[in-house]
Structures are given as C-alpha cells and as structure tokens.
Amino acid sequence: MSIDAVRIWLNTHAPEITIIETAQPTATVVQAAEVHGVTPGQICKTLSFKLTDESAILVVMAGDARLDNKKFKTQFGCKAKMLTADDVVLFTGHPVGGVCPFGLPVPLEIYADHSLKQYEVILPAAGSANSAVRLAPARLAELTDAKWIDVTTLPA
C-alpha cells in the first residue's frame, strides 16, 4: 500500500514527521485546505510529467498555482505531458490524489516550484487521497533533493 511506503520512507529519512490521516474528504485542494485549516496554496499539488518514454519527473507546487506551459517548456525543453493514471502508479507507486515525492519505488527527479516558498508550512499528500504531512518548503526540498524551479503562475 502506498501510504505504507511513505511511512517506511519517513521513518528512515525524517522520523520527526508524522502522517496525518483524515476521515473527511480531501479530494480537492479546497476540501483539503478546509480539513487541515490552511490556505489552498499550502496544500501541495504533486504533478507527474513524462519527459521521455522512459523518464518521468515530479513537480511539487502550491495548491492554488497553475502550471505555466511556456515556463515548463523553457525549463525542460519540451511540452508538458502529464502521466496517465496507470503510469502515475507505475512511476510513483502512489494513486492519483496521493502522489507525493516520498516513498517512491524508483528514484525520480523531483522539482519544487517557487510558489511553495511563500509559506512557512506546506502539506503534500502522503501516499493516499486522505493523508498529508506538514513541513517547511525547504525541508521538503532537502529531504527529496528537489531542485527549485519556476514553472507556475499564481492567482491574481
């Protein structure tokens, strides 16, 4: 089970971080923000993209940010192509809604978008649609060896 892989990974790499599991629905950024008592921007979206037929990357961004296709193409030299739901599970081991940069079955390049830096605390998923962890953006980048990039546009 995906959340178990995250739990094992966190126990090894960051035992101070606890997985929060909720009984309430957190399928959308707005729902998750309400359940966790934070702003929608603090709920992380971890999007998975295919760069080549054999490689995928993860981009963690603020929940209220939108992917900017021009910035993505400038950063990666190709058009943004999201993975299919089946490929998401294949590459990340996590179901859509629970994708996070922790507990991956194979190493992937992880990128953290600058939209996260405006917050002291962010909440990425933890391997299931009703789980999350609380941590600082810098800690997420440190734990996952994420590279900071700018591929989003924030709401006006």
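Side chains included, hydrogens not; waters and symmetry mates left out as well; all remaining heavy atoms used.
Qualifying salt bridge (Lys or Arg N to Asp or Glu O under 4.0 Å) partners for Lys50, counting only residues two or more places apart in sequence or in other chains: Asp87. Partners of Thr22 under the side chain to side chain donor-acceptor pair (under 3.5 Å) rule, at least two apart in sequence or in another chain, do not exist in this structure.
Put simply, the side chain of Gln31 gets close to the backbone of Thr28: a donor and an acceptor are under 3.5 Å apart.
Of all the heavy atoms in Ala62 and Ser115, the pair that sits closest is N-OG, 3.0 Å. Residues Gly41 and Tyr119 come closest through the heavy atom pair CA-OH, 3.2 Å. Closest approach of Phe102 and Pro124 over heavy atoms only: CE1-CG, 3.9 Å. Summarising the geometry of Pro101 relative to Thr46, their closest heavy-atom pair is CD-OG1, 4.1 Å, with the distance given to 0.1 Å. Closest non-hydrogen pair, Phe76 versus Ile149, comes out as CZ-CD1, 3.9 Å.
The shortest distance between side-chain heavy atoms of His94 and Val6 falls below 4.5 Å. Between Ser131 and Ile20 there is no side-chain heavy-atom pair separated by less than 4.5 Å. In this structure the side chain of Ser2 never reaches within 4.5 angstrom of the side chain of Ser128, judged on heavy atoms. No side-chain heavy atom of Val60 sits under 4.5 Å from any side-chain heavy atom of Lys45. Side-chain contact between Leu123 and Val133 is absent, with no heavy atoms from C-beta onward closer than 4.5 Å. Residues Leu90 and Val88 are not in side-chain contact: their nearest non-hydrogen atoms beyond the backbone lie 4.5 Å or more apart. Residues Tyr111 and Leu58 form no side-chain contact, since every pair of their non-hydrogen atoms from C-beta on lies 4.5 Å or further apart. When side chains are defined from C-beta on, Ile17 does not count as touching Arg134, because their heavy atoms never get closer than 4.5 Å.
By the 30° and 60° cut-offs, the orientation of the rings of Trp9 relative to His13 is parallel.
Within 6.0 Å of the CD atom in Glu16, the count of heavy atoms belonging to other residues, nucleotides or ligands exceeds 12. Within a 6.0 Å sphere centred on NZ of Lys147, other residues, nucleotides and ligands contribute more than 12 heavy atoms.
With Pro137 as reference, Ile122 is the one residue of Ile122, Val121, Asp113 to meet the side-chain contact (heavy atoms from CB on, under 4.5 Å) rule.
When the side chains of ILVMFWY residues are joined at heavy-atom separations under 4.5 Å, either directly or via intervening members, Met61 and Val29 end up in two distinct hydrophobic clusters.
Asp68 and Thr153 are linked by a side-chain donor-acceptor pair at a separation below 3.5 angstrom, with hydrogens and angles left out of the test.
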